[in-house]
Amino acid sequence: MSVKSGLPNDFDPSTYDAIVVGAGYAGAVCARMLAEGCSFRVAVLERRDHIAGNAYDYEDEAGVLVHKYGPHIYHTFDDRVHEFLCRFTEFTDYQHKVLANIHGTLMPVPFNHQSLKLAFGDEKGERLYRKLVATFGENKKVPILELREQNDPELSEVADYVYENVFLHYTMKQWGKTPDQIDPAVMGRVPVFVGDDDRYFPQAPHQGMPAKSYTALFERMLDHDLIEVYTNVDARDLLHVEDFSINVCGAPYGGEVIYTGPLDELFGLDLGALPYRTLDMQFETLDQDQFQPVGTVNYTVSEDFTRITEFKNMTGQVLPGKTTIMREYSKPYEPNSGQTPYYVINEPQNIELYEKYRQRVSGIVNFHVVGRLAEYRYYDMDGVVASALELSDKIISQR
Ligand code: FAD
Ligand code: UDP
């Protein structure tokens, strides 16, 4: 893989058929697809000192493989995404499991058959479970907001328990709002599961962790004769958006520009900043083999942090006597503060603002926005890969 830190003095954009901004999933997938699909010479510009975007992982001082920007667990229902990624890594068969710490008892999340019995006792839990099955069917996902709409007193009891003990406080910590004040799709990510599957992503046919690391996956994806990666380069210093064209290094650029950063930043936030939530991630290495029984424990009724992740439990790394854990503290993102915009806030006024920025680039036929930041969407990794494959298909088909 060709990676250079900084741009060479003689960097000439016109020698590239495409400039890709960002070396996360969105950028790396497009770079690879365009190099392979239409023999484009591609320059990838990345402002961090590493590739892989928020999926970046590395070995910390204790030798533990950790995820710098939060725990990343791969899962998808999309066969094309899976086949594409499998070209660059093997996946382990790790199945992510999450427990909620509810007043000291660890219960599976999504809340399921077993959680019901832990919360209500075996007999009552079983009775409530049968009622859920009779109402929704077995192995069904029921969003908490839908469960709360049921009139039956026993189902209301379940709904109230789950709302109060799983969603309310965690959501207040994560978003600063109650579950009914935010986009219902966010709660829908973690439905109640009417069944015994105790995986965080029940029924997802493809799930696991990259056998070596996410960073290694990206190294392979970007390893192509026609791709050159430049880290420590902020594309805002090079790109200038005109009404119907884009300038790169001061001259009109005729190749394709794929932009995967925040769209408001490209315009100096001149219409206002797009709101996000950011996270303080506190890593701690402990002199013990294992800290907790699963990859992630959610603190749904106590503590200031939302969850603790123990990386070795997810990666399967064997390293006796040491383990690294990470606590996540959520807070509002402040633009131009050096913080990372992690979570989009999907509210109508924010989408309206985003659309205004989007409108300003819509007339530039060779400028494309893709990814979690640039599309201002709460995408998982697979959703970003799918979106980048779709954009690449479109560009390739037009050549
Ligand atoms: P990013 O990964 O953010 O990449 C964009 C890149 O563009 C960055 O490297 C950035 O530095 C660069 N960039 C931006 N502006 C510029 C510029 N001006 N010049 C140069 N470079 C620039 N997904 C899952 O599927 N499973 C999970 O378990 C999971 N866990 C997550 C946990 C957390 C805490 C978070 C925040 C996200 C998680 N995700 C998970 C989502 C996943 O991180 C994203 O879907 C994916 O990484 C987005 O890829 P991207 O390329 O769109 O954006
Ligand atoms: N959530 C919750 N309690 C939990 C797990 C999730 O309240 O134990 C809510 C919370 O609002 C969270 C959302 O469901 O932001 C989505 O959870 P997910 O784990 O998918 O979030 P991510 O991994 O993207 O941070």
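Order of appearance sets the numbers: ligands from 1, and atoms from 1 within every ligand.
Residues Arg327 and Glu284 are paired through a salt bridge, judged by an N-O separation under 4.0 Å between the basic side chain and the carboxylate. Under a 4.0 Å N-O distance rule, the pair Glu256/Arg399 qualifies as a salt bridge. Classification of Arg127 and Glu154 as a salt-bridged pair holds, one side-chain N sitting under 4.0 Å from a carboxylate O. Between Arg80 and Asp393, at least one side-chain nitrogen of the basic residue sits less than 4.0 Å from a carboxylate oxygen of the acidic one, meeting the salt-bridge criterion. One finds a salt bridge joining Lys124 and Glu157 here, because a Lys/Arg side-chain nitrogen approaches an Asp/Glu carboxylate oxygen to under 4.0 Å. Using a cut-off of 4.0 Å between Lys/Arg side-chain N and Asp/Glu carboxylate O, Asp270 and Arg360 are scored as salt-bridged. Taking a cutoff of 4.0 Å between a charged side-chain nitrogen and a carboxylate oxygen, Glu347 and Lys177 qualify as a salt bridge. Under a 4.0 Å N-O distance rule, the pair Glu126/Arg130 qualifies as a salt bridge.
Geometrically, ligand 1 and Tyr25 share a nitrogen or oxygen pair separated by less than 3.5 Å. Checked against a 3.5 angstrom limit, the closest N/O atoms of Asp382 and ligand 1 fall outside it. Checking only distances, Glu265 never comes within under 3.5 Å of ligand 1, N or O to N or O. Polar contact with ligand 2: absent for Val109 (N/O pair, distance under 3.5 Å). Between Tyr343 and ligand 1, no N or O atom pair is found at a separation short of 3.5 Å. Geometrically, ligand 2 and Trp175 share a nitrogen or oxygen pair separated by less than 3.5 Å. The shortest N or O to N or O distance between Ile182 and ligand 2 is not below 3.5 Å. The N/O atoms of Tyr170, backbone and side chain alike, include none that comes under 3.5 Å of an N/O atom in ligand 2. Between Thr300 and ligand 2, no N or O atom pair is found at a separation short of 3.5 Å. At under 3.5 Å, a nitrogen or oxygen of Arg47, whether backbone or side chain, sits near a nitrogen or oxygen of ligand 1. For ligand 1, the polar-atom distance check against Ala55 finds no nitrogen or oxygen pair separated by under 3.5 Å.
The single protein non-hydrogen atom nearest to atom 5 (C) of ligand 2 is Asn298 ND2, 3.5 Å, given as residue, atom name and distance. Ranking protein heavy atoms by distance to atom 9 (C) of ligand 2, first place goes to Thr171 OG1, 3.8 Å. The protein heavy-atom contact nearest to atom 25 (O) of ligand 2 is Tyr343 OH, 2.5 Å. Remark: minimum distance from atom 26 (N) of ligand 1 to any protein heavy atom is reached at Ile73 O, 2.9 Å. Taking atom 18 (P) of ligand 2 as the reference point, the nearest protein heavy-atom neighbour is Tyr200 OH, 3.6 Å. Ranking the protein heavy atoms by distance from atom 16 (C) of ligand 2 puts Val186 O, 3.6 Å first. Summary of contacts: the protein heavy atom closest to atom 20 (O) of ligand 2 is Arg189 NE, 2.8 Å. When hydrogens are left out, the protein atom nearest atom 23 (O) of ligand 2 is Arg307 NH1, 3.0 Å; that is the closest non-hydrogen contact. Counting only heavy atoms of the protein, atom 21 (O) of ligand 2 lies nearest to Tyr378 OH, 3.2 Å.
Here is the list of ligand 1 atoms found below 4.0 Å of a heavy atom in Ala235: 17 (C), 18 (N), 19 (N), 20 (C). Close contacts of ligand 1 with Gly261, meaning ligand atoms under 4.0 Å from a residue heavy atom, involve 14 (C), 15 (N). Those atoms of ligand 1 that come under 4.0 Å of a heavy atom in Glu46, given as number and element, are 6 (C), 7 (O), 8 (C), 9 (O), 10 (C), 11 (O), 12 (C), 20 (C), 21 (N). Atoms of ligand 1 lying under 4.0 Å from any heavy atom of Tyr379, numbered from 1 in the order shown and given with element: 41 (C), 44 (C), 45 (O). Those atoms of ligand 1 with a heavy atom of Leu373 less than 4.0 angstrom away are 3 (O). For ligand 2, the atoms sitting less than 4.0 Å from at least one non-hydrogen atom of Met187 are 11 (O), numbered in the order shown with element in parentheses. Which parts of ligand 1 touch Gly371 is read off a 4.0 Å heavy-atom cut-off, strictly below it: atoms 52 (O).
Aromatic ring centroids of Tyr170 and Tyr299 lie 6.0 Å or more apart. Phe120 has its ring centre less than 6.0 Å from the ring centre of Tyr161. Two rings, from Tyr69 and His50, have their centers less than 6.0 Å apart.
Aromatic ring pairs are classed by plane angle as parallel below 30°, tilted from 30° to 60° and perpendicular above 60°; the pair Tyr354 and Tyr376 is parallel. Taking the six-membered ring for Trp and thresholds of 30 and 60 degrees, His113 and Tyr129 have nearly parallel ring planes, at less than 30 degrees apart. Between Tyr276 and Tyr333, the ring planes lie perpendicular to each other; the angle is over 60°, past the 30° to 60° tilted range.
Screening Tyr214, Tyr74, Tyr58 for a ring pair (Phe, Tyr, Trp, His ring centres under 6.0 Å) involving His67 leaves a single residue, Tyr214.
Between the side chain of Glu46 and the main chain of Ala23, a donor-acceptor pair closer than 3.5 Å is present. Here the side chain of Asp380 pairs no donor or acceptor atom with the backbone of Asp382 at under 3.5 angstrom. No donor-acceptor distance shorter than 3.5 angstrom exists from the side chain of Asp78 to the backbone of Gly383, with no hydrogens or angles considered.
Side chains of Asp49 and Thr231: no donor on one and acceptor on the other come within 3.5 Å.
Of all the heavy atoms of Val233, the ones lying under 4.0 Å from any atom of ligand 1 belong exclusively to the backbone. Here Val384 has side-chain heavy atoms under 4.0 Å from ligand 1, and that is the only part of it that gets that close. Using a 4.0 Å cut-off between heavy atoms, Pro71 contacts ligand 1 through its backbone alone, with no side-chain atom that close. Counting heavy atoms closer than 4.0 Å to ligand 2, residue Val190 contributes side-chain atoms (C-beta onward) but none from N, CA, C or O. The proximity of Tyr69 to ligand 1, defined as any non-hydrogen pair under 4.0 Å, is limited to the backbone. For Val166, heavy-atom contacts with ligand 2 shorter than 4.0 Å involve the backbone as well as the side chain. Here Glu328 has no heavy atoms under 4.0 Å from ligand 2, in either its backbone or its side chain.
Put simply, atom 53 (O) of ligand 1 has no protein non-hydrogen atoms near it, under 4.0 Å away.
Of the candidates Arg48, His72, His96, Met381, the one placing a heavy atom closest to atom 43 (O) of ligand 1 is His72.
Atom OH of residue Tyr259 and atom CG of residue Leu45 lie 11.5 Å apart, to the nearest 0.5 angstrom.
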